A.B. asks: 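Before we start, here is the structure in question, set down as structure tokens.
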Amino acid sequence: MKRLIISIAALLLFVQLNAESMHSLKRRVGKLAVSQIELMDSELGQAQFPRSLHDDGSLQTSDIKYWCVGFFPGTAWYAYELTGKKSMRRIAQKNTLKIDIEQLTDNHDIGFEVWCSYGNAWRLTEDESYLPAIRRGAERLSARFCPTVGCTRSWNRDKGFWVIIDNMMNLELLEMSSRLFGIEDYDKIARTHANTTARNHFREDLSTFHAVIYDEATGKIEKKQTVQGYADDSMWARGQAWGLYGYTMMYRFTRDTSYLAQARGIAKLLIPMLPEDGIPYWDYNDPAKENGEFCPRDASAAAIMASAMLELAGYVENSEEARMLRHTAEKQLLSLASPEYLCKKGECHGFLLKHSTGHRMRGIEVDKPLTYADYYFLEALTRL
Ligand code: GLY
């Protein structure tokens, strides 16, 4: 009996210490985020958005046409949620309002651009002045839906109807708008896109292709290939993470158990493939590492995964699976918050995370900070 009590006490102490360490990680990163976001904001002009760092270490910005404009305001909204600091709310608001929906490039990324900025603004303030931008964003995204293919179009290319796995993320704007504005069609479009993608993007083991190209007139598949991954049949790390997050999020809105099964299957495939620190190499199949060559990590893929797995764990509560999902996400967050990945105060022009990979094959943003890594990192912390 005495032994049992001691074991239970030790277990509770362990759980408590573990919880405290996540609690302190959240506070430490939250505090750092405030000063980094203030620094970043002070370096930006009215029409500028952060993108990454140049090779010489200077800040790389973009104009409104780039797909990442929603992430910096969204990161500031999450920092506001984590810390309650007024400066974060002010910076978040200012950078959200820099986004004029009509100026955004016409592609599927409008979901990221609008939901991460205006969506979080509305979620945290319930200020209705943010709603018209959300409504207009959803309208523009839904206009990209093709019933014959059963998907919203990702990139505008001269040949073929391109759908990339990343596009799953943009369904959140449609699902939220369906509820906010009572437009049932948006929910139907999102479900149809998710069903078509589950059928056509995924291989038998639930790894995913990056892109599926359809014939717009017939809906037939022309080709499955990669653009940002190592090879057509490889597992581009961020693509796998977008898929995991996308189906977890779709389950949140629809309670369709096929989406839950999809997300659980993807997590089951990915978790054993992660390296010791939980941060994936940019493509799970790049042989560079085995050959002793440079093989960059992708901190952004880890942040997206961690955020998704913390949500997914809530849907399989009280199970060994939930514990595994949480344990893996916490391991990833601990690594990201370690000196190896986390920028120090005043460094990196205000970015939080180092070591992400944008487009390895074209040598763009390799082993660099990226806005979406910071965004999903803070989102994951709010979900702890
Ligand atoms: N959606 C573009 C990327 O993940 O790089």
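None of these values were measured; they are calculated from a predicted model. All ligand and atom numbering here is 1-based and tracks the order in the structure.
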A.B. asks: One residue to check: Trp236. Relative to ligand 1, which of side chain, backbone, both or neither has a non-hydrogen atom less than 4.0 Å away?
C.D. replies: side chain
A.B. asks: So which heavy atom in the protein is nearest atom 1 (N) of ligand 1, and how far is it from that ligand atom?
C.D. replies: Asp166 OD2, 2.6 Å
A.B. asks: Is any N or O atom of Trp242, backbone or side chain, closer than 3.5 Å to an N or O atom of ligand 1?
C.D. replies: yes
A.B. asks: Give me the ring orientation class for Trp155 and Trp162: parallel if the planes are under 30° apart, tilted from 30 to 60°, perpendicular past 60°.
C.D. replies: tilted
A.B. asks: Let me check something: do Met169 and Val163 share a hydrophobic cluster, defined by ILVMFWY side-chain heavy atoms less than 4.5 Å apart, either directly or through other members?
C.D. replies: no
A.B. asks: Aromatic contact between Phe49 and Phe72, with the criterion being ring centroids under 6.0 Å apart: yes or no?
C.D. replies: no
A.B. asks: Does this structure show an ion pair linking Asp41 with Lys94, if we count only N-O contacts that are shorter than 4.0 Å?
C.D. replies: yes
A.B. asks: Look at the rings of Tyr130 and Trp77 and say which category their plane angle falls in: under 30° parallel, 30 to 60° tilted, over 60° perpendicular.
C.D. replies: perpendicular
A.B. asks: Note the single closest protein heavy atom to atom 5 (O) of ligand 1, along with its residue, its atom name and the distance in Å.
C.D. replies: Arg238 NH2, 2.6 Å
A.B. asks: Using distance alone, determine whether Gln228 and ligand 1 share an N or O pair under 3.5 Å.
C.D. replies: yes
